[in-house]
2 protein chains.
Amino acid sequence: MLGSAAELLEQKNIKPTAMRQLVLDILRNNPQAISLLEIEQQLGHVDRSTVFRTLKTFQENCIIHKIDDGTGATKFALCSEGCSCNLGDLHAHFYCTKCGQTTCLKDHLIEQPVLPEGFNFESANYVIKGICADCR
Amino acid sequence: MLGSAAELLEQKNIKPTAMRQLVLDILRNNPQAISLLEIEQQLGHVDRSTVFRTLKTFQENCIIHKIDDGTGATKFALCSEGCSCNLGDLHAHFYCTKCGQTTCLKDHLIEQPVLPEGFNFESANYVIKGICADCR
DNA sequence: AATTGAAATGCAACAGGATTGCAAATTTAC
DNA sequence: GTAAATTTGCAATCCTGTTGCATTTCAATT
């Protein structure tokens, strides 16, 4: 992995403010996808809207991607190195109905779907639900 | 298609109340998936919670299925005839980023995914985003 | 037809997450 | 050092989903 959070941010031309470094560190230390609320709680006394905007910035710069796992709370996970948030980087996600954890299935790439005539593909959100290995 | 909404409801052993018939008619007349709010608006002065519970009943009886298309509002669409809401009936959905319509891609069935060791499949939500045929 | 019990409805209120406006603070450029 | 731009914090709001409870409707039974 790359160096510090600050370095990673600068590399993407994002001002490495304290908040951003903290949020990025959390995302980097978390193996699974996490929600805004979870980030908030891990940080302690931070402002939700600031974290919200930080995550927005990260998404716009392909540092993280968002996952709608159906729980109502959007989750976020770090992009892989070299990710350009294009079709080739799209992968499925797994939501464990027991522990509530959402995992990137980076090996389960999403291939360009066959669509009806006239339909145009842009992106996709594929969430598989079940019980994860830890919960069995 | 089967006869009246009332007949369809009775066939599923659901009391065909006025509300239920109205909601079912809307769902049957709508080619695309619609949200609770849209149903509410099409009906006029009805109570949200009643429609909500009606939709819940319909889901429990495999009359409709719900789709989380990432807009924040859950949408609902009529099940096909013979649907038993099992794996074999799972299909992808298409969300148009221009008009906001969500369409069932009934031909695009979801096949049992290959998961990492120890992971157990239950269900899946696959939403493809792009521009629909009408919006090009 | 009246009584009773169950189911359905309407109303109100609330919960949770996402999002915005605005002012204060911080950073950057000149 | 000052002005402009960016970022942050706070408060408020929107939107959707959901529940509690009293009332109404319906169906079965006497």
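We use all heavy atoms of the structure for the numbers below, so side chains are in, but hydrogens, waters and symmetry mates are not. Here is how names work: the chains are called A, B, and so on, in the same order as the sequence lines, proteins then strands, and each is numbered from 1.
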Participant: For A/Ser35 and for B/Ser49, find the nucleotide of DNA chain C with the closest heavy atom, then tell me which residue's nucleotide is more 5'.
Facilitator: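 Per heavy-atom nearest nucleotide, the more 5' residue is B/Ser49.
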Participant: For A/Ile110, run the side chain to side chain contact (heavy atoms under 4.5 Å, CB included) check against A/Leu90, A/Leu105, A/Asn125, A/Asp89 and tell me which one passes.
Facilitator: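 Filter result, single survivor: A/Leu90.
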Participant: What residues from residues 36-45 of chain B pass a heavy-atom cutoff of under 4.0 Å to DNA chain D?
Facilitator: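 Heavy-atom cutoff 4.0 Å gives B/Leu36, B/Leu37.
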Participant: Could you state the CG-P distance from B/Asp47 to D/dG20, rounded to the nearest angstrom?
Facilitator: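 Going from CG in B/Asp47 over to P in D/dG20 covers 16 Å.
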Participant: I'd like a table of donor-acceptor pairs (distance under 3.5 Å, sequence neighbours excluded) in which one partner is a side-chain atom from residues 129-136 of chain A, with atom names and distances.
Facilitator:
unit_1	atom_1	unit_2	atom_2	d
A/Arg136	NH1	B/Gly118	O	3.4

Participant: Ignoring hydrogens and geometry beyond distance, is a side-chain donor-acceptor pair present between B/Ser35 and B/Glu38 at under 3.5 Å?
Facilitator: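 Yes, because at least one side-chain N or O of B/Ser35 sits under 3.5 Å from a partner of the opposite role on B/Glu38.
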Participant: Could you tell me the separation between the CD1 atom of A/Ile14 and the P atom of D/dT8, rounded to a whole number of Å?
Facilitator: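 Answer to the nearest Å: 11 Å.
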Participant: May I ask you to evaluate whether A/Arg20 reaches the phosphate of D/dT7, defined as a side-chain N or O under 4.0 Å from OP1 or OP2?
Facilitator: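 Yes, such a contact exists.
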Participant: Evaluate B/Thr103 against B/His93 for side chain to side chain contact (heavy atoms under 4.5 Å, CB included), listing each step before the verdict.
Facilitator: CA-CA 6 Å; B/Thr103 313; B/His93 293 90; over 6 Å; no
Participant: Is B/Thr50 close enough to C/dG10 that one of its side-chain N or O atoms is under 4.0 Å from OP1 or OP2 there?
Facilitator: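 So the side chain of B/Thr50 is within the cut-off, an N or O lying under 4.0 Å from OP1 or OP2 of C/dG10.
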Participant: Is there a side-chain polar atom (N or O) of B/Thr17 under 4.0 Å from OP1 or OP2 of C/dT9?
Facilitator: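 Result: yes.
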Participant: From CD of A/Glu60 over to C1' of D/dT6, roughly how many Å is that when rounded to an integer?
Facilitator: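 For the pair A/Glu60 CD and D/dT6 C1', the rounded distance is 14 Å.
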Participant: Quick check on D/dG17: is either OP1 or OP2 less than 4.0 Å from any side-chain nitrogen or oxygen of B/Thr74?
Facilitator: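 For D/dG17, OP1 or OP2 has a side-chain N or O of B/Thr74 closer than 4.0 Å.
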Participant: Nearest-Å distance, NZ (B/Lys15) to P (D/dT24)?
Facilitator: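 That distance rounds to 17 Å.
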Participant: For A/Asn61 and A/Ile63, indicate whether the former's side chain and the latter's backbone hold a donor-acceptor pair under 3.5 Å.
Facilitator: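 No: the side chain of A/Asn61 does not pair with the backbone of A/Ile63.
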Participant: Ignoring hydrogens and angles, tell me if any N or O in the side chain of A/Asp47 forms a donor-acceptor pair with the backbone of A/Ser49 under 3.5 Å.
Facilitator: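 Such a contact is found between A/Asp47 side chain and A/Ser49 backbone.
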Participant: Provide, to the nearest angstrom, the distance between the CZ atom belonging to A/Phe52 and the P atom belonging to C/dA18.
Facilitator: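 Rounded to the whole Å, the gap is 8 Å.
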Participant: Which whole-number value in Å describes the distance from B/Arg48 CZ to D/dT16 P?
Facilitator: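 In whole Å, D/dT16 P and B/Arg48 CZ are 9 Å from each other.
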Participant: Which whole-number value in Å describes the distance from B/Asn13 CG to C/dA8 C1'?
Facilitator: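 It is 17 Å, rounded to the nearest whole Å.
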Participant: Could one point to a donor on the side chain of A/Arg53 or the base of D/dG9 with an acceptor on the other under 3.5 Å away?
Facilitator: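 Answer yes: a donor N or O sits under 3.5 Å from an acceptor.
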Participant: How close or far is atom P of D/dC26 from atom CD of B/Glu10, stated in whole angstroms?
Facilitator: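 Between P of D/dC26 and CD of B/Glu10: 14 Å.
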Participant: Show me the donor-acceptor pairs within less than 3.5 Å that the side chains of residues 73-80 of chain A make with the rest of the protein, sequence neighbours left out.
Facilitator:
unit_1	atom_1	unit_2	atom_2	d
A/Lys75	NZ	A/Asp69	OD2	3.0
A/Lys75	NZ	A/Gly100	O	2.9
A/Lys75	NZ	A/Thr102	OG1	3.2
A/Ser80	OG	A/Lys106	NZ	3.4

